[in-house]
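See structure below.
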Amino acid sequence: METVQTQATIAALLQETRRFPPPPEFTARANVQDPGVYEEAERDFEGFWARHAESELEWFRKWDRVLEWDVPWAKWFVGGQTNVCYNCVDRHVKGRRRTKAALVWEGEPGDSRVLTYLDLHREVQRFANALKQLGVQKGDRVTIYMGMVPELPIAMLACARIGAPHSVVFGGFSADALAGRIQDAQAKVLVTQDGAWRRGQVVPLKHFADQALESCPSVEKVVVLRRAGNEVAMKPGRDEWWHELEAGAPATCPAEPLDSEHPLYILYTSGTTGKPKGVLHTTAGYLLGVHMTTKWVFDLKDEDVYWCTADIGWVTGHSYIVYGPLSNGATSVMYEGAPDWPDKDRYWRIVEKYRVNVLYTSPTFIRTAMKWGPEYPRRCDLSSLRLLGTVGEPINPEAWMWYHENIGGGRCPIVDTWWQTETGMILITPLPGITTTKPGSATLPFPGIAADIVDEQGNSLPPNTGGYLVLTRPWPAMLRTFWGDPERYVQVYWSRFPGKYFTGDGARRDEDGYFWIQGRVDDVVNVAGHRLSNIEIESTLVAHPAVAEAATIGRSHPEKGQAVSAFVVLRAGYAPSEQLKHELREWVAQKISPIARPDDVFFCADLPKTRSAKIMRRLLRDIAEGRALGDTTTLTDPAVVEQIKQRYVEEGKEEA
Ligand code: PRX
């Protein structure tokens, strides 16, 4: 665990004085206009959530108790019964939204599809029946390994409909990563597709799935969607085509009434050890959390076209492409491919084509678009936009301003939303009709949420002092546990500061109570908003025959936020070479994901370690960032780090 940055560093970090009050015309139409919501929620947070659960969601049975909180075990809306799919689809089909576009999908090659709520209802029911015919029962896990196609949310909703928790694995993950996640969840069925489009190429998902399944005996059936048309091997008795299954499935499948705490999904995320953690989200509280935040943070109106550019393989897509928007009866845009295909204006073309009103994207994308230059957005008509959002990493004020001016035309409020896979819902965020924003700050906790900044001992810190970000009260969409590993859940989040949820982030709060997130203080790297674990990448490197030891760090990167740097000690008999560097980078890309590929590999004779043999990544980060070395007194051999530093600088000079 890194130590918190000192007060002086923090104070020097940001001196942002620009203020952006909400435009009065925005406030006049905003879903939330009364700042009194904060106080109201603060007076009785359970009552606040209960009131909205009652008025915003449909229930099969009302709850007996709003919250049972036996630290750190939360149960929300105990005794109640509902169904997430019912709330996202069926209730809209009953009324005026039945022919409204639910999903507007843009394929990378330029094809597109619009599914109304009625279409979605039909498709989801058929696929739910198809799953049942494959033997999926309430409680069984279904792993979904797909690209960004409409059938992905259809499969998720079908699972939610019958109470089979889904585990969506990002289509950019390797066969090994997929296998580990299937094994951990003990999934019975895998849903995948022949191939996914990415930058004009076909990513052979079914082929990777076949590799993964060699070590996944729990999987009995595989459903394969035809999308890219590439050739695939179909294993008789195990593999079924989506279209054939659907054609043979009955048309109606009622939504199952499920207990509030019934598992909705598992989503694997990187932690500080090599083994990914299966974050478990449940039914009613999660639905309420994503419903309310979508409505209030994105200020969605019935006539809005809303687009979140994330991939559904990550939590942002789960909560803010699928469940939050659909629960609100919104029109949610989905794009299949890369932002620079066929050209760097693709996102802006999509905004123009569908007249997108609310756009939610990542700081990494904004920085990349900045690098590409304003000529790309200028080619398109972006006048439909009225609200912009960001998520995934801290946004630097410069990128915030660029987004504001070049994309928002100076008129759109920006919501910088802080949250995590574990939190399920946005927790620190502006409410666009009432919050004056400051570029670079996620501003204030959502009504009903309690956050604090604490020191090593868990004491609350005064303004403008850097510390650890903690949450001091349960919230409806919080993770309930790790799938199959409750001890680890307690240990990771609740043991460091008893009674408080430890986020893993460092932050400070300013004199107005605004939160400024500084990034991870644990061994997690955040590359382009994607969370990776140093230890996972290190273990992968060490699995290569040439590598004896490895340490990886997240180094600042102008677009991606952070990039992975690897420090590698070779085994006897192997010599450093450019070829080997390349091989190691590709090894990691192949074993984990191209996202995890180290930007650079540095060979060294030894790694800086403490007497308890812990690698001091902090010092390696100091070297990589060109900073003065921090405290080296706890090292077994301080000379090691000096040698690395010297050689690193020399090598950097040679390359320059
Ligand atoms: O470090 C914070 C950063 O992303 C982490 C959560 O990563 P993940 O679970 O993959 O979820 C990403 C999408 C919700 C956080 O611990 N993070 C997320 N949003 C922000 C952020 N850092 C600063 N500002 C944000 N708005």
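The basis for the numbers below is simple: all heavy atoms, side chains too, and nothing from hydrogens, waters or symmetry mates. In listed order, ligands and their atoms are each counted from 1. Numbering of residues begins at 1 and proceeds along the displayed sequence.
- Taking all heavy atoms of S362, G392, P394 into account, the minimum distance to atom 3 (C) of ligand 1 is reached by G392.
- Residue-ligand proximity, W419 to ligand 1, at heavy-atom distances under 4.0 Å covers atoms 6 (C), 14 (C), 15 (C), 18 (C), 19 (N).
- Nearest protein heavy-atom contact of atom 15 (C) of ligand 1 is D505 OD2, 3.2 Å.
- Between W494 and F502, the distance from one ring center to the other does not fall under 6.0 angstrom.
- Heavy-atom proximity to T421, at under 4.0 Å, picks out these atoms of ligand 1: 8 (P), 9 (O), 10 (O), 11 (O).
- When the shell of 6.0 Å around CD of E398 is examined, it contains 12 or fewer heavy atoms from other residues, nucleotides or ligands.
- Distances below 4.0 Å separate heavy atoms of R531 from the following atoms of ligand 1: 6 (C), 7 (O), 8 (P), 9 (O), 10 (O).
- For H291 and W296, the distance between ring centers is not under 6.0 angstrom.
- Contact atoms of ligand 1 toward T417: 19 (N), 20 (C), 25 (C), 26 (N) (distance under 4.0 Å to a heavy atom of the residue).
- When heavy-atom distances to ligand 1 are checked against a 4.0 Å cut-off, E393 comes that close only through its backbone atoms N, CA, C and O.
- With respect to the salt-bridge test (charged N to carboxylate O, under 4.0 angstrom), the residues E422 and K277 qualify.
- Of all atoms in ligand 1, numbered sequentially from 1 with element shown, those under 4.0 Å from a heavy atom of N526 are 3 (C), 4 (O).
- Geometrically, ligand 1 and T390 share no nitrogen or oxygen pair separated by less than 3.5 Å.
- Using a 4.0 Å cut-off between a side-chain N of Lys or Arg and a carboxylate O of Asp or Glu, E559 and K371 qualify as a salt bridge.
- Annotation: Y268 is not in aromatic contact with W314 [ring centroid separation under 6.0 Å not met].
- Closest to atom 13 (C) of ligand 1, if we only count protein heavy atoms, is T316 OG1, 3.4 Å.
- Under 4.0 Å is where a charged nitrogen must lie from a carboxylate oxygen, and between R520 and E393 no such pair does.
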